Amino acid sequence: MFNSLSDRLTATFKNLRGKGRLTEADVDATVREIRRALLDADVAVPVVREFTGRVRERALGAEVSAALNPSQQIVKIVNEELQEILGGETRRIRLAKNGPTVIMLAGLQGAGKTTLAGKLSKWLKAQGHSPILVACDLQRPNAVTQLQVVGQRANVPVFAPHPGATSTELDQPAGDPVAVARAGVEEARQKLHDVVIVDTAGRLGVDADMMEQARQIRRAIVPNEVLFVIDSMIGQDAVNTALAFDEGVNFTGIVLSKLDGDARGGAALSVASVTGKPVMFASTGEGLDDFELFHPDRMASRILDMGDILTLIEQAEKAWDKDEAARMAKKFADQEDFTLEDFLAQMQQIRNMGSMKKMLMMMPGAQNIRQQLEQFDEREIDRVEAIVRSMTPHERLAPKIINGSRRARIARGSGVHVSEVNGLLERFAQAQKMMKKMAQGGMPGMPGMPGLPGAGGGSRKNAKNAPKKKAKSGNPAKAAQERKDAEARRANAAKALPTGAAFGQQGGDFDPSQLNLPKGFDKFLGK
């Protein structure tokens with residue numbers, strides 16, 4: 001979503017690197033580029049003006065002039081100001097002290113409220129709550145049916161006493177959404193659900209009748225939270241739409257949908273600042289699991305290409321099997337071989353975390369390799385898994401037995417070329433060596449670490465050129481003969497060495513002719 005904005009800002013900050021002192025002209029040029037980047041991203045003009053004004057004021061102050069690295073200080077200022085216009089801090093749902101917590105969804109037609117109701121219910125269920133969905137969108141054809149399907153996928157009950165409008169019954173009068181909302185809250189009390197999510201009909205900001213209906217629903221159910229669902233790709237009109245809904249239903253929080261789109265994303269940076277209401281959640285894909293709590297500080301880090309490691313860790317903790325992790329840790333500590341069975345288990349753990357592209361884009365500096373990530377085929381993991389599953393259990397435990405005929409059979413079974421099987425086995429052999437060296441206490445490729453060439457601080461080059469130690473023979477007679485030969489070599493070497501101090505001859509039967517010196521040179525040796 002913010003790729004274009006992130007690229008522009010990153011390029012702007014690169015121009016500041018290496019400067020020990022920033023002049024007013026440098027600050028003005030930087031602020032000018034930031035302004036252009038934000039306007040190109042469809043951020044509202046008032047928001048851009050206020051944002052760049054604060055950045056310029058802080059950049060010209062003592063905060064930057066006294067900094068050891070002024071360019072990094074500018075990045076820090078922009079990061080903090082981005083967090084402010086995104087809401088400042090993470091805002092969570094306010095739960096009711098008594099009775100069920102009522103959450104009302106409102107927004108434009110097509111903003112994705114119905115799908116988001118299912119995502120929110122599944123997310124709340126994972127948090128330990130017992131949610132129920134209430135179908136109050138009786139205007140859009142098959143909206144009730146869609147909510148029932150979404151609720152079934154999320155394994156959350158749906159209260160839908162009225163079928164609403166259907167494509168074949170357009171003339172049927174719609175039911176009363178206000179009565180349905182009120183009955184849904186009562187149903188939640190009786191069935192002991194602690195959260196009620198009310199899905200309302202999409203409406204336009206200029207539709208006075210529909211907006212009045214939303215006000216009536218709000219007065220009837222008195223929700224704890226009114227979430228305004230806005231399409232992140234809406235552009236400059238996001239501010240006007242948000243202000244109209246804020247005046248109509250007085251929403252308490254914002255949910256950004258379609259945040260995985262390729263639009264410029266100015267809505268996300270504008271709505272929170274203009275309305276003063278926090279962004280609470282973000283929808284990042286079509287799946288029910290593509291939903292996350294919105295953290296302004298983490299989103300600002302993503303925009304500035306500084307990564308989002310905390311979200312990545314949270315996703316790993318949710319998806320990672322603790323028993324499998326403990327098993328691998330024990331195996332690692334016992335220095336057992338890393339097998340293809342273990343490799344397959346790790347691949348499945350990674351698959352559970354979600355899209356590889358999304359995970360890699362959360363790494364710092366990911367914008368520099370964005371083109372490579374966009375070309376990455378998610379099905380590559382499926383092909384690797386198919387290759388491993390085409391092997392026999394014995395082949396997974398002992399890959400060295402996989403000869404040419406076995407590789408051809410594995411390739412046919414997995415539907416790939418033999419070259420892909422060869423490549424996988426080569427990469428696995430390298431990974432196996434690395435795991436073995438790490439288990440022995442060293443890191444591969446780092447001289448001076450235990451278990452590595454050049455251990456003790458020597459260089460890898462010296463270790464390569466060092467004479468190799470001859471292995472001992474298993475034959476006792478041959479081993480004894482080798483010991484005698486070694487002793488003889490040491491004795492001959494000792495005889496060949498001159499005796500005495502390092503700075504001149506100190507006695508003995510030393511003959512200068514042994515050194516093959518030039519004629520007349522022996523007088524310098526006192527001979």
Side-chain angles (χ1 to χ4, degrees), residues 100-125 129-204 207 209-223 225-231 245 248-249 251 255 257-258 281 283 286-291:
T101 301
V102 181
I103 302 173
M104 174 181 170
L105 302 182
L108 290 175
Q109 297 172 353
K113 292 185 303 302
T114 302
T115 305
L116 193 131
K119 293 182 179 182
L120 178 59
S121 64
K122 186 173 183 179
W123 183 83
L124 287 167
K125 189 173 182 180
H129 297 283
S130 174
I132 183 173
L133 298 171
V134 179
C136 292
D137 185 357
L138 307 181
Q139 274 75 25
R140 181 168 63 89
N142 291 322
V144 175
T145 304
Q146 181 188 357
L147 187 65
Q148 290 172 334
V149 171
V150 170
Q152 185 177 8
R153 288 172 54 198
N155 197 21
V156 172
V158 178
F159 180 74
H162 195 284
T166 64
S167 57
T168 57
E169 299 177 347
L170 296 177
D171 295 332
Q172 177 181 344
D176 184 4
V178 179
V180 172
R182 190 183 294 111
V185 175
E186 187 60 33
E187 175 79 4
R189 286 196 179 94
Q190 294 178 2
K191 297 292 180 63
L192 301 178
H193 293 283
D194 62 344
V195 179
V196 184
I197 301 174
V198 180
D199 178 32
T200 64
R203 62 202 78 239
L204 299 175
D207 192 336
D209 295 336
M210 293 291 287
M211 198 63 74
E212 178 59 30
Q213 184 187 93
R215 292 193 194 96
Q216 293 176 6
I217 293 176
R218 180 182 176 112
R219 286 194 292 266
I221 61 177
V222 191
E225 297 281 5
V226 179
L227 301 183
F228 173 52
V229 182
I230 186 169
D231 188 340
F245 272 86
V249 296
F251 57 81
V255 180
S257 65
K258 306 178 187 178
F281 297 99
S283 175
E286 297 180 358
L288 290 182
D289 293 321
D290 298 328
F291 181 80

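Since the model is a prediction, treat every value here as computed from it, not as a measurement.
- A salt bridge does not link Arg218 to Glu212: none of the charged nitrogens lies less than 4.0 Å from a carboxylate oxygen.
- Atom CG of Leu227 sits about 7.0 Å away from atom CG of Leu120, to the nearest 0.5 Å.
- Counting heavy-atom neighbours within 6.0 Å of Gln152 CD, excluding the residue itself, gives a total of 12 or less.
- Salt bridge annotation for Asp290-Lys119: absent, with no cationic side-chain nitrogen under 4.0 angstrom from a carboxylate oxygen.
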Asp199 and Cys136: side-chain contact (heavy atoms from CB on, under 4.5 Å), yes or no, with the steps?
CA-CA 6 Å; Asp199 178 32; Cys136 292; 6.0 Å; no
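- Between Phe251 atom CZ and Ile230 atom CD1 the span is 8.0 Å, to the nearest 0.5 Å.
- The only member of Ile197, Val255, Asp137 that meets side-chain contact (heavy atoms from CB on, under 4.5 Å) when paired with Leu105 is Ile197.
- Looking at Gln139 and Gln213, their side chains come closer than 4.5 Å, going by heavy atoms from C-beta outward.
- Minimum heavy-atom separation, Ala106 to Thr200: CA-OG1, 3.9 Å.
- Contact record, Ala181 with Val198: CB-CG1, 4.3 Å, taken as the closest heavy-atom pair.
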As a quick check of understanding, evaluate side-chain contact (heavy atoms from CB on, under 4.5 Å) for His162 and Val144, giving each step before the final call.
CA-CA 8 Å; His162 195 284; Val144 175; over 6 Å; no
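- Residues Val249 and Ala214 share a closest heavy-atom pair of CG1-CB, 3.5 Å.
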Please determine whether side-chain contact (heavy atoms from CB on, under 4.5 Å) holds for the pair Leu147 and Val134, giving the CA-CA distance in whole Å, both sets of side-chain angles, and the decisive distance to 0.1 Å.
CA-CA 9 Å; Leu147 187 65; Val134 179; over 6 Å; no
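- Between the side chain of Lys125 and the backbone N or O of Asn155 there is at least one donor-acceptor pair closer than 3.5 Å.
- Counting heavy atoms from C-beta on, the side chains of Val196 and Pro100 come closer than 4.5 Å.
- Applying the side chain to side chain contact (heavy atoms under 4.5 Å, CB included) test to Ala220 and every residue at least two apart in sequence or in another chain returns Val178, Arg182.
- In this structure, CG on Asp289 lies 3.5 Å from NZ on Lys122, to the nearest 0.5 angstrom.
- Under the 3.5 Å distance criterion, the side-chain polar atoms of Lys113 are matched with a main-chain donor or acceptor of Leu108.
- Side-chain atoms of Asp231 and Ser257 include no donor-acceptor pair closer than 3.5 Å.
- The nearest pair of heavy atoms linking Leu133 to Gly151 is CD1-CA, 3.9 Å.
- Proximity of a side-chain donor or acceptor of Ser121 to a complementary backbone N or O of Gly118 within less than 3.5 Å is detected.
- Side-chain contact annotation: Lys258 with Ser283, donor-acceptor N/O pair under 3.5 Å absent.
- Counting heavy atoms from C-beta on, the side chains of Val150 and Leu288 come closer than 4.5 Å.
- The shortest distance between side-chain heavy atoms of Val195 and Ile103 falls below 4.5 Å.
- Considering all non-hydrogen atoms of both residues, Gln148 and Ala160 come closest at NE2-CB, 3.6 Å.
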Test side-chain contact (heavy atoms from CB on, under 4.5 Å) on Leu116 and Phe281 and set out the steps.
CA-CA 10 Å; Leu116 193 131; Phe281 297 99; over 6 Å; no
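- Residue Leu124 holds its CG atom at 13.5 Å from CD1 of Ile132, rounded to the nearest 0.5 Å.
- Considering CD of Gln146 and OG1 of Thr114, their distance stands at 4.5 Å, rounded to 0.5 Å.
- For His193 (side chain) and Ser130 (main-chain N/O), a donor-acceptor pair under 3.5 Å exists by modelled atom type.
- Atom-to-atom distance recorded for His129:NE2 and Trp123:CH2 is 7.0 Å, nearest 0.5 angstrom.
- Taking each heavy atom of Gly248 and Met211 in turn, the nearest pair found is CA-CG, 3.8 Å.
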